[in-house]
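All values below come from the heavy atoms of this structure, side chains included, with hydrogens, waters and symmetry mates left out. Remember, it's 1-based here, ligands and their atoms both numbered in the order they're listed. Because the structure is predicted, anything quoted here is derived from the model rather than measured.
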Amino acid sequence: MLLVVATAHAQKYEGLAATPQMGWNSWNKFACEISEQLIRDTADAMVKNGMRDAGYTYLNIDDCWHGQRDADGNIQADPVRFPSGIKALADYVHARGLKLGLYSDAGARTCGGRPGSRGHEYQDARTYAAWGVDYLKYDWCETAGLKSEGAYTTMRDALRAAGRPILFSICEWGDTKPWDWAKEVGHSWRTTGDITACWDCELSHGSWSSFGVLKIMDKTAALRKYAGPGHWNDMDMLEVGNGLTPDEERAHFSIWAMMASPLISGNDLRSMTPATLKILTNRDVIGINQDRLGVQALRRMAQGDLEMWIKPLAGGDWGVLFLNRGERTVDYHHDWQKYPLADDLSKHEADLKKTTLRWTDLWQGRGGDTSKPLDVKLAPHSAMMLRLKAP
Ligand code: GLA
């Protein structure tokens with residue numbers, strides 16, 4: 001006789017991040033200067049400017065929405081900044097076809113000093129579910145004595161028990177190698193410390209640093225084998241619209257797309273320039289990010305400041321990115337036949353000596369095919385992104 005022992009085993013909600021999650025988050029631009037009016041206005045902007053329809057579904061309130069816990073320990077919203085409460089805000093956001101995200105922390109206090117969830121995990125998860133929350137970013141400040149895997153698993157189980165599908169976004173900055181343990185715990189995990197709007201800088205804040213676009217790219221490159229549908233390497237919220245040059249913004253967005261990172265905009269959506277909106281809503285670039293194979297890009301070639309990245313896509317297509325990291329213009333001829341498109345990890349391959357693929361430049365709109373060398377002219381800090389079509 002076969003005896004099957006079933007143990008009560010909570011799981012994360014499957015199917016919530018089959019492709020990398022997309023949305024907006026308040027932190028990069030507003031930090032603690034948030035309010036329910038800002039969230040409502042941002043929801044309206046996302047509908048009006050086409051971002052919702054381009055795939056940006058989640059509207060995420062980061063740190064500092066919290067008030068105090070009530071006498072029974074229930075977390076409440078800040079009564080001054082969110083007088084109508086989170087439930088009303090969730091209703092407002094849902095009525096516009098969007099989903100609402102909240103932020104908490106595994107420790108006793110959040111990074112911004114608000115009440116964390118430590119010791120209140122099940123209670124908070126029930127509160128979020130009752131409010132209609134769809135997404136939880138869970139941070140790692142004030143966690144002395146806690147083990148990350150256990151702390152995040154506790155919150156995963158609490159969300160499961162609360163009964164509402166809530167996407168679980170792990171944010172412990174890559175400190176305890178979440179890629180080794182979080183695949184069954186969350187839907188994404190941050191790979192680095194916080195982003196800052198610069199190309200390749202590292203800014204020290206004493207006990208922690210924030211990082212520019214290339215620093216995060218380089219750190220995340222080594223982690224590609226851990227990413228896939230339902231469990232993504234999160235390179236942090238976007239800084240498009242927050243002070244990079246137009247070339248840098250296009251490159252930053254292209255890189256995040258190629259790396260299958262969540263695409264969470266982090267700028268002021270009420271007042272951005274048409275140029276910024278155009279970048280954020282480039283559907284071809286978004287399509288590379290949202291491809292259902294869910295393979296993170298691979299650095300295929302590096303020659304000084306010039307790099308070529310490739311990303312296998314469903315149906316035999318490829319995303320290809322040429323990147324100029326440096327301060328001088330690059331003028332280069334790419335011989336497709338010299339660089340077969342090959343990814344040992346996902347076992348995808350296209351030998352361009354034998355097959356010719358047509359390409360489209362996803363920022364410039366021009367096209368061609370791989371039978372002729374490609375002219376790659378790149379200004380400093382810029383990128384060219386192509387989609388190669390299977391015949
Ligand atoms: C940490 C996170 C950021 C942001 C802040 C809020 O630094 O990494 O993304 O959530 O906390 O205080």
* Asked: Is the closest basic N to carboxylate O distance between D44 and R270 below 4.0 Å?
  -> no
* Please identify which atoms of ligand 1 are closer than 4.0 Å to at least one heavy atom of K137. => 3 (C), 4 (C), 9 (O), 10 (O)
* **Carboxylate-amine/guanidinium contact K354 D351, below 4.0 Å** => yes
* Partner residues of H231 under the ring pair (Phe, Tyr, Trp, His ring centres under 6.0 Å) criterion, sequence neighbours left out -> none
* Report the relative orientation of the aromatic rings in Y332 and H334; use parallel for angles under 30°, tilted for 30 to 60°, perpendicular for over 60°. => tilted
* To do: Using distance alone, determine whether W173 and ligand 1 share an N or O pair under 3.5 Å.
  => yes
* **Interfacing atoms of ligand 1 (cut-off 4.0 Å, heavy-atom, Y103)** => 6 (C), 10 (O), 11 (O), 12 (O)
* **salt bridge (charged side-chain N to carboxylate O under 4.0 Å, His left out) partners for D139, two or more places apart** => none
* Quick one: which ligand 1 atoms are inside 4.0 Å of a heavy atom on R190? -> 8 (O), 9 (O)
* Residue and atom name of the nearest protein heavy atom (relative to atom 12 (O) of ligand 1), distance in Å to one decimal -> D63 OD2, 2.8 Å
* Relative to ligand 1, is T110 under 4.0 angstrom through side chain, backbone, both or neither, heavy atoms considered? -> neither
* Asked: Is the shortest distance from a Lys or Arg side-chain nitrogen in D218 or R299 to a carboxylate oxygen in the other one below 4.0 Å?
  -> yes
* Just which atoms of ligand 1 are under 4.0 Å from any heavy atom in D139? -> 1 (C), 2 (C), 5 (C), 10 (O), 11 (O)
* Asked: Counting both backbone and side chain atoms, is some N or O of D236 under 3.5 Å from an N or O of ligand 1?
  -> no
* Asked: Taking atom types as modelled, is there a side-chain donor on H66 or T110 under 3.5 Å from an acceptor on the other?
  -> no
* Per-atom contacts of ligand 1 with W27, taking only distances under 4.0 Å to non-hydrogen atoms -> 4 (C), 5 (C), 6 (C), 12 (O)
* M51 vs L269, side-chain contact (heavy atoms from CB on, under 4.5 Å): CA-CA, chis, key distance, verdict -> CA-CA 9 Å; M51 283 181 70; L269 303 186; 3.8 Å; yes
* Considering the heavy atoms of G112, write down every atom of ligand 1 situated less than 4.0 Å from one of them. => 12 (O)
* Structural part of C64 in contact with ligand 1, heavy atom criterion under 4.0 angstrom -> neither
* side-chain contact (heavy atoms from CB on, under 4.5 Å) evaluation trace for L374 with H333 -> CA-CA 5 Å; L374 174 74; H333 295 276; over 6 Å; no
* **Proximity winner for atom 10 (O) of ligand 1, if only heavy atoms of D62, D194, N60, D234 are counted** => D62
* Close-contact set for ligand 1 against C171 heavy atoms, below 4.0 Å -> 2 (C), 8 (O)
